[in-house]
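In this chain, numbering begins with 1 at the start of the sequence shown.
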Amino acid sequence: MKRFLIDKLEQWKNSPRRKPLIIYGARQVGKTWAMKEFGKQFYKKVAYFSFYNNPRVSQIFDNGIDLDQIITSLNIEAGFEITPEDTLIIFDEIQNNLRVLESLKYFNENANQYHIIAAGSLLGVAIHEGVSFPVGKVDTIQLYPMNFLEFLYAIDKGMLADRIIAGDAKTFDSFSDELIFLLKNYLYIGGMPEVVNFYVKHKNYSEIRKIQNSIINQYTGDFGKHIPIRDIPRVKMVWNAIPMQLAKENKKFFFGKMKKGARSADFEVAIQWLQDAGLIYKVHKVSAPHIPLKAYMDFSAFKIFTLDVGLLGALSDLNAKVIIEKNDIFSEFKGALTEQFILQEMLSQTQYVPYYYSSDTSTLEIDFLIQQDDNVVPIEVKASSNVNSPSLKAYISKFEPKKVIRFSTLKFKEQDRITNIPLYAVSLINMLAEI
């Protein structure tokens with residue numbers, strides 16, 4: 001399995017400004033595997049410690065922050081000497097003992113010769129609940145489900161992925177039909193590592209859906225374990241409403257669609273918990289497409305997506321034939337799968353924070369906006385080769401953007417200010433920023 005996170009971790013290892021690193025991400029996106037694999041590839045020794053149901057390891061941090069004593073105890077627990085520079089120390093599931101989080105500050109200040117990576121599936125929840133975070137004393141990184149390029153490597157189509165990464169449109173577009181077929185498969189399978197691994201070995205679509213539903217059940221099981229009883233119904237309502245909300249032409253999250261008379265204030269805690277757990281992505285509307293976009297963010301208007309396109313399909317009960325075999329698949333579910341996919345790819349492959357724009361009357365809506373230097377770039381997502389868009393035409397006429405990006409099933413093409421990027425080559429956004 002190839003994860004681009006490994007390359008980022010290598011950069012972290014070699015950075016002269018390296019600090020202890022915290023990896024965020026929802027359960028089962030591959031944090032533990034990535035940390036161990038990185039250690040195996042780049043260090044002589046790996047000292048792995050999980051704080052899940054492990055009171056003996058937790059006790060090491062329960063008697064105050066004495067780094068010498070902590071290292072001595074970790075040596076005993078690991079069964080070998082942890083030596084600076086050539087040992088990777090991994091602290092996993094640290095939300096179960098937040099003194100470990102506190103210790104990272106002191107490792108950075110007084111023992112930064114030790115290379116430490118920490119992760120926790122619900123760490124975001126714990127921090128938001130008031131735990132002190134060592135601001136400025138740690139590096140952070142987010143791990144998402146496997147993106148489409150990582151999926152291509154997993155299914156032995158790495159040469160196609162290489163050409164997409166290189167921006168070699170002439171080559172990869174000559175394989176457009178195959179890439180569209182593989183993309184349809186990815187929309188069903190998604191990027192959860194367990195699901196992708198099963199697909200590689202067995203190619204059994206019905207079993208894949210069972211695995212996805214099992215993952216969803218584990219997520220919803222967390223609701224009962226980690227959320228106050230009074231908030232559980234609202235968290236479930238938000239989570240279960242996502243497919244219905246994305247099926248609308250206007251994908252803005254309407255609270256009244258869940259419960260008559262519902263207000264945003266009633267669900268703020270529920271949405272925040274799902275965000276902190278890494279289970280949803282929230283894309284805010286901007287009141288005007290101007291620089292800086294963040295200054296025009298409308299806190300009261302947003303779209304909500306799930307963490308993975310395959311899980312969205314499972315939540316929506318879409319079967320494999322509907323997604324993979326139909327020629328008009330990208331029109332199914334009103335483009336929700338495609339928009340979910342594009343968002344995931346942008347989050348995992350670029351540094352941009354996506355927003356969206358909608359006029360007050362909702363007659364003009366642009367799927368996403370990103371900020372490239374001093375430009376606001378509108379992004380239109382088309383789920384087929386039919387790229388006619390009255391909204392985009394109206395936006396261009398009104399705001400006259402210098403650059404426009406359109407994703408569709410068409411091949412790569414630059415025409416005037418509009419660049420059409422195939423759905424399977426989202427990473428090309430990074431190259432367009434240099435133009």
Enquirer: Answer with yes or no whether the side chains of Asp162 and Tyr153 bring together a donor and an acceptor at under 3.5 Å.
Expert: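 Judged by distance alone, the side chains do pair up.
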Enquirer: Is Lys170 positioned over the aromatic face of Phe412, cation under 6.0 angstrom from the ring centre and no more than 45 degrees off axis?
Expert: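 Judged by the rule (NZ or CZ under 6.0 Å from the ring centre, within 45° of its axis), Lys170 is not positioned above Phe412.
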Enquirer: Step by step, work out the side chain to side chain contact (heavy atoms under 4.5 Å, CB included) result for Ile89 and Ile117.
Expert: CA-CA 6 Å; Ile89 302 173; Ile117 299 181; over 6 Å; no
Enquirer: Hey, can you tell me if Phe148 and Phe151 have their rings parallel, tilted or perpendicular (30° and 60° cut-offs)?
Expert: parallel
Enquirer: How about Pro378 and Tyr357: do any of their side-chain heavy atoms sit closer than 4.5 Å?
Expert: no
Enquirer: Going by distance alone, is a donor N or O of one side chain under 3.5 Å from an acceptor N or O of the other, for Glu207 and His202?
Expert: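 His202 and Glu207 do not have a side-chain donor-acceptor pair below 3.5 Å.
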Enquirer: Please say whether the positively charged group of Lys382, taken as NZ for Lys or CZ for Arg, lies over the ring of Phe407, i.e. under 6.0 angstrom from the six-membered ring centre and within 45 degrees of the axis.
Expert: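 Judged by the rule, Lys382 and Phe407 form no cation-pi pair.
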Enquirer: Ile22 versus Leu101: any side-chain heavy-atom pair under 4.5 Å?
Expert: yes
Enquirer: Answer yes or no for Lys248 and Phe254: cation-pi contact, defined as NZ/CZ to six-membered ring centre under 6.0 Å and angle to ring axis within 45°.
Expert: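 No, Lys248 and Phe254 do not form such a contact.
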Enquirer: For the residue pair Leu315 and Thr306, establish whether any side-chain heavy-atom pair is separated by less than 4.5 Å.
Expert: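 Of all side-chain heavy-atom pairs linking Thr306 with Leu315, at least one is under 4.5 Å.
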Enquirer: Can you find a heavy atom in the side chain of Leu343 that is under 4.5 Å from one in the side chain of Tyr281?
Expert: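 They are in contact (side-chain heavy atoms under 4.5 Å apart), so the answer is yes.
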Enquirer: If I compare all heavy atoms of Pro145 with all of Met192, which pair ends up nearest, and what's the gap?
Expert: CG-SD, 4.0 Å
Enquirer: Heavy atoms only: give me the nearest Gly30-Leu143 pair and the separation to one decimal.
Expert: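 Result for this residue pair: C-CD2, 3.6 Å.
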Enquirer: Does the side chain of Trp273 come within less than 4.5 Å of Phe223's, by heavy atoms?
Expert: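 In short, these two side chains touch, coming nearer than 4.5 Å.
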Enquirer: Taking atom NZ as the centre, does Lys259 end up with more than 12 heavy-atom neighbours from other residues, nucleotides or ligands that are less than 6.0 angstrom away?
Expert: no
Enquirer: Look at the aromatic rings of Phe267 and Phe255 and report parallel, tilted or perpendicular, splitting at 30° and 60°.
Expert: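 Taking Phe255 first and then Phe267, their aromatic rings lie parallel (interplane angle under 30°).
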Enquirer: Tell me yes or no: between the side chains of Asp173 and Tyr424, is some donor less than 3.5 Å from an acceptor?
Expert: yes
